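Some notes on the structure that comes next.
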Amino acid sequence: MTPKPLTLAEKVWNDHLVVKGEGDAPDLLYIDLHLVHEVTSPQAFDGLRLAGRPVRRPDLTIATEDHNTPTLDIDKPIADATSRTQIEALRHNAKEFGIRIHSLGDIEQGIVHVVGPQLGLTMPGITVVCGDSHTSTHGAFGALAMGIGTSEVEHVLATQTLPLKAFKTMAINVEGTLRPGVTAKDIILAVIAKIGTGGGQGYVLEYRGSAIRSLSMEARMTICNMSIEAGARAGMVAPDEITYEYLKGRPHAPEGADWDAAVAYWNTLPSDENAKFDAEVYLDANTLDPFVTWGTNPGQGVSLLDNVPNPADIADPNERAAAERALEYMDLAAGTPMKSIRVDTVFLGSCTNSRIEDLRAAAAIIEGKQKAEGVRFMVVPGSARVRLQAEAEGLDQIFKDFGAEWRFAGCSMCLGMNPDQLAPGERAASTSNRNFEGRQGKGSRTHLVSPLVAAATAIRGTLSAPADLEGN
Amino acid sequence: MEKFEIFEGVGVPLRRSNVDTDQIIPAVYLKRITKTGFEDALFASWRNDPEFVLNQPAYAHGEVLFAGPDFGTGSSREHAVWALRDFGFKAVFSPKFADIFRGNSGKQGLVSGEISEQDLESIWALLEADPGAKATVDLVAKTVRVADLMVPFEIDEYTRWRLLEGLDDIGLTLRDEQSITDFEAKRESWRPKTLPAKGAK
Ligand code: SF4
């Protein structure tokens with residue numbers, strides 16, 4: 001009998017099974033890599049202390065400071081008491097439990113989801129967890145990567161395993177070639193608009209098809225990052241030459257015979273030809289436009305060439321009510337052309353779009369151009385290394401000449417836990433992943449966009465695509 | 001986590017229904033970074049009221065809470081259970097609990113048992129007639145007794161077993177520690193290790 005064809009996610013799951021759950025009980029899975037940051041870890045460490053338990057595998061654990069860190073004056077003490085306490089607690093806990101930490105000012109500091117891949121710790125066929133929902137980012141490598149809560153963080157610290165219930169699989173097939181000016185961010189915003197913010201619930205998504213295969217690792221990370229915004233447990237892309245190319249030579253990537261053994265194994269990971277997915281979705285890359293959100297959840301998005309939708313046209317009563325509320329909060333009238341929406345701030349950053357490729361793409365558009373009057377443009381690299389790399393390439397100068405603020409690495413305005421916030425009523429074009437009410441500051445209004453749209457918007461002052469700049 | 005079998009403690013009548021987690025512990029207390037020390041946060045806004053039941057000397061050391069239906073609704077914060085536990089409560093009874101609260105309480109060694117509305121009324125009356133009276137919780141027999149009134153309560157079998165054994169989530173997993181160790185012995189050498197730290201090349 002031939003073995004049952006399996007999907008990528010099922011293969012990774014099976015290869016980490018420590019104990020198979022009987023009946024309704026969850027499976028116990030081994031965790032290869034545990035990423036830790038200051039917000040969701042203090043109580044987990046406190047729980048260990050209470051129970052007198054050690055961290056089982058400090059050598060599979062790494063911590064960085066990101067959510068609370070300031071992006072200016074990083075050599076001064078942190079002013080906000082809560083932020084300072086959380087960061088001090090992380091430093092203390094890392095020391096007490098023997099965990100590697102990259103603190104503010106350290107060359108490897110940065111957003112946890114930028115740091116893991118950059119160090120070569122994120123690799124195909126592994127399990128990754130972090131007390132942060134955007135852990136799905138690491139799925140771009142063909143890893144099974146999931147966000148977890150604080151009690152699960154404690155559980156992984158103590159046992160290096162996690163009891164998990166089986167999931168369903170969904171194939172997201174994206175075929176074709178993206179037109180110039182259209183990027184990975186537009187693919188994922190279009191996917192979420194299509195399946196809805198709950199459409200992925202209970203599923204691990206696998207992004208497939210020719211459009212995905214031709215994407216760089218950084219673009220794949222952008223897509224997997226936002227899987228959680230469709231409600232999914234995780235998102236994955238099968239590893240291939242592009243993955244190996246990105247990984248090879250990174251500090252923690254396997255070397256020599258280990259590398260060969262790893263690649264041989266990784267080559268077995270892609271979903272089998274006849275593997276059955278529980279659900280399938282199709283998206284045509286050839287006809288995709290730049291995509292932007294108009295509402296207060298990431299599923300409320302349209303083509304940049306469209307207008308703000310009219311709630312009256314929405315059949316589902318709940319969605320209609322949500323759209324009405326969103327338009328009121330966003331202070332937008334139905335029928336307004338998206339391109340006529342004026343912004344106060346442009347934010348280029350977050351674990352979705354703050355990697356070197358994102359900065360390069362934005363810099364190429366603004367180079368030699370003028371920033372729109374009155375628009376604030378914040379550029380926050382995802383990690384200290386990305387910042388250094390950008391400076392080595394002269395990108396910082398391009399941003400500064402343009403009138404942008406060139407900041408230190410961290411989550412920054414993605415969630416405004418540090419001083420980088422919008423004022424009430426202010427509107428931003430943001431390359432981050434959540435446009436929830438108040439996400440970027442109390443009363444803030446967020447339009448999610450790609451780095452290219454962010455750059456074009458900073459030039460024109462209204463939501464714009466690079467194609468709109470001709471003649472500017 | 002301690003094993004829970006039979007427990008006797010001061011019963012507290014909380015004549016309120018729909019006690020949501022914001023009332024059990026207001027959001028301002030969530031900024032703390034510890035997992036204990038939340039006793040001052042329990043029902044914080046109600047405790048400004050001198051008439052509030054926990055402010056009365058007879059109930060100051062309450063250990064068994066009797067509340068109205070729909071206890072623990074609202075946000076999923078585990079802090080709600082921590083605050084009850086830190087105050088000294090070992091068990092909460094209500095005709096109906098929010099699912100997440102009930103799940104969280106089982107994990108922290110707090111018994112949350114469902115009793116009928118009728119029995120609740122009777123117990124409230126007994127406790128109010130004799131402030132400071134003890135309640136006896138028998139998890140083996142699934143009963144709770146105040147004075148001469150003994151009533152049954154419901155709790156799911158799995159949670160009951162865990163409480164009787166004194167197993168938190170981690171303790172439960174560590175029963176399989178040998179399997180974890182065996183798995184680790186086979187872990188391939190190419191898989192990631194964060195230590196020793198390597199810098200970029
Ligand atoms: S950048 Fe934003 S989404 Fe990403 S980890 Fe930080 S706060 Fe979360």
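Computed from a prediction, not measured in an experiment: that's the story for all the values here. Side chains included, hydrogens not; waters and symmetry mates left out as well; all remaining heavy atoms used.
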Spell out, as yes or no, whether a donor-acceptor pair under 3.5 Å connects the side chain of B/Thr194 to the backbone of A/Thr61.
-> yes
Could you tell me whether a side-chain N or O of B/Arg191 sits under 3.5 Å from a main-chain N or O of A/Leu33, the two making a donor and an acceptor?
->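 Here the side-chain-to-backbone pair does not exist.
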If I measure from the heavy atoms of chain B, does [X] come under 4.5 Å with its side chain, its backbone, both, or neither?
{"X": "A/Val18", "answer": "both"}
{"X": "A/His16", "answer": "both"}
{"X": "A/Leu60", "answer": "both"}
{"X": "A/Pro26", "answer": "neither"}
{"X": "A/Leu17", "answer": "backbone"}
{"X": "A/Glu152", "answer": "neither"}

Would you please say whether a donor-acceptor pair under 3.5 Å links the side chains of B/Glu78 and A/Ser151?
-> yes
When you check the side-chain N and O atoms of A/Arg56 and B/Thr181, is any donor under 3.5 Å from an acceptor?
-> yes
Can you name the side-chain hydrogen bond (donor to acceptor under 3.5 Å, both in side chains) partners of A/Trp13, sequence neighbours left out?
->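 For A/Trp13 the side-chain hydrogen bond (donor to acceptor under 3.5 Å, both in side chains) partners, ignoring immediate neighbours, are A/Asp27.
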Contacts of residues 36-51 of chain A with chain B (heavy atom under 4.5 Å) | A/Pro42, A/Gln43, A/Asp46, A/Gly47, A/Leu50
Using a heavy-atom distance cut-off of less than 4.5 Å, which residues of residues 257-264 of chain A contact chain B?
->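 When heavy atoms of chain B are the reference, residues 257-264 of chain A contributes A/Asp258, A/Ala261, A/Ala262 within the under-4.5 Å range.
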Closest heavy-atom pair, B/Lys198 versus A/Pro251, reported as atoms and distance to 0.1 Å, is CD-O, 3.1 Å
For the student: nearest non-hydrogen atoms of B/Leu195 and A/Pro58, plus distance =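 Result for this residue pair: CD1-O, 3.7 Å.
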Heavy-atom pairs under 4.5 Å with chain B, option from A/Ile107, A/Thr82, A/Asp32 with the top count =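 Of the options given, most contacts go to A/Asp32.
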Using a cut-off of under 4.5 Å on heavy-atom pairs, state which of A/Leu121, A/Ile62, A/Thr150 scores highest against chain B.
->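 With the most close heavy-atom pairs to chain B, the winner is A/Leu121.
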Could you check whether the rings of A/Tyr265 and B/Trp190 sit parallel, tilted or perpendicular, using 30° and 60° as the cut-offs?
-> tilted
Got a sec: does the CD of B/Glu8 have more than 12 other heavy atoms crowding it under 6.0 Å?
-> yes
Is the count of non-hydrogen atoms from other residues, nucleotides or ligands lying under 6.0 Å from A/Lys442 atom NZ greater than 12?
->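 It does not: A/Lys442 NZ has 12 such atoms or fewer within range.
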Testing B/Leu172, B/Leu174, B/Asp169 for side chain to side chain contact (heavy atoms under 4.5 Å, CB included) with A/Thr159, which one passes?
->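 Testing each of B/Leu172, B/Leu174, B/Asp169 against A/Thr159, the sole residue satisfying side chain to side chain contact (heavy atoms under 4.5 Å, CB included) is B/Leu174.
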Salt bridge (Lys or Arg N to Asp or Glu O under 4.0 Å) involving A/Glu393 - partner list, sequence neighbours excluded |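 Expected list: A/Arg360.
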Say you draw a straight line from NZ of B/Lys186 to CG of A/Asp15; how long is it, rounded to the nearest 0.5 Å?
-> 10.0 Å
Hey, could you give me the CD1/OG1 distance between B/Ile180 and A/Thr161, rounded to the nearest 0.5 Å?
->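 Those atoms lie 4.0 Å apart.
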Go through the atoms of B/Asn104 and report whether side chain, backbone, both or neither lie under 4.5 Å from a heavy atom of chain A.
-> neither
